[in-house]
Amino acid sequence: MAGDAAGFADYVRQASGSPKVPSLTGQNMTHCLDGKGYGGYEAYRKALRGARELSPNFAGQRSWWPLACAGWPAPVTNPPAPLPATGLPPFLGVGSWTDHTEVETIVRHVPGSATLRYEGHGHTLYVQGLSGCVTAHVNRYLTTLRLPPPGTTCRPAS
């Protein structure tokens, strides 16, 4: 809470067997602080009912993830809110063949932004290191805000 995230290392190590952060388990730190947890058991049950109505064959497929925030010791510090109308730098969105369309939809709201398509499956593409191409483009964006050319794609490492 005072800016030192070292306390999460034990949490990540216990869940993943590795002190390496970020890990998929370590993402809970972000999700919980963003307010993606359930406010209580009834909120969870409501989400499950909605999932059954929306997709009976995959009901609850994504409903379990926010359960990781149950009992989270820190308050929500970054709740969802509309993006500011001006003053944002261009975004770089990275998506795989399963979610690139969703990424494009989000990124389209910020003028001058771009997407990078990964021609494979997976999430957390930058963290997972599935493609040196993705890593290189994201590193360049994070250090210079330089975006890849429109239509840029990356392939899985062979």
Side-chain angles (χ1 to χ4, degrees), residues 1-118 120-131 134-135 137-139 141-143 145 147:
M1 291 180 69
D4 179 4
F8 289 111
D10 289 338
Y11 168 78
V12 173
R13 186 179 292 111
Q14 181 182 13
S16 68
S18 169
K20 182 181 176 186
V21 176
S23 72
L24 294 177
T25 306
Q27 286 181 5
N28 290 346
M29 290 179 267
T30 301
H31 292 172
C32 300
L33 295 175
D34 286 351
K36 293 186 179 180
Y38 294 115
Y41 183 69
E42 186 49 42
Y44 170 64
R45 298 298 302 164
K46 182 179 178 182
L48 283 179
R49 286 191 298 272
R52 282 189 197 102
E53 289 173 20
L54 181 64
S55 179
N57 295 326
F58 295 101
Q61 164 41 354
R62 291 193 168 212
S63 301
W64 61 268
W65 199 333
L67 288 172
C69 296
W72 193 255
V76 173
T77 57
N78 188 33
L83 292 172
T86 60
L88 291 174
F91 286 2
L92 172 60
V94 180
S96 67
W97 56 266
T98 59
D99 61 7
H100 187 260
T101 302
E102 293 170 341
V103 170
E104 281 184 316
T105 300
I106 294 167
V107 167
R108 200 173 300 134
H109 292 282
V110 180
S113 296
T115 62
L116 177 63
R117 181 181 172 97
Y118 174 67
H121 62 84
H123 294 291
T124 62
L125 298 168
Y126 179 69
V127 174
Q128 297 294 330
L130 297 173
S131 167
V134 168
T135 302
H137 282 292
V138 172
N139 283 347
Y141 171 76
L142 292 174
T143 58
L145 289 181
L147 295 166

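Bear in mind the structure is a predicted one, so any value in this text is a computation, not a measurement. Every heavy atom of this structure was used, including side-chain atoms; hydrogens, water molecules and symmetry mates were not.
Closest heavy-atom contact between G112 and P90: O-CB, 3.3 Å. Across every non-hydrogen atom of F91 and L147, the tightest pair is O-CD2, 3.6 Å. Nearest heavy-atom pair across L145 and P89 is CD1-CB, 4.1 Å.
When the side chain to side chain donor-acceptor pair (under 3.5 Å) test is applied to T115, the partners found at least two apart in sequence or on another chain are H100. Every residue was checked against the side chain to side chain donor-acceptor pair (under 3.5 Å) condition with E53, not counting sequence neighbours, and none meets it.
Interatomic distance, R52 CZ to R49 CZ, rounded to the nearest 0.5 Å: 8.5 Å. Note that the CG atom of L92 and the CG atom of L142 stand 8.0 Å from one another [nearest 0.5 Å]. Atom CD of E104 is separated from atom CD1 of I106 by 11.0 Å, given to the nearest 0.5 angstrom.
S96 contributes no side-chain N or O that, together with a main-chain N or O of H121, makes up a donor-acceptor pair within less than 3.5 Å.
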Can you give the donor-acceptor pairs under 3.5 Å from side chains of residues 32-39 to other protein atoms, not counting sequence neighbours?
unit_1: D34; atom_1: OD1; unit_2: N78; atom_2: ND2; d: 2.9
unit_1: Y38; atom_1: OH; unit_2: S63; atom_2: O; d: 2.6

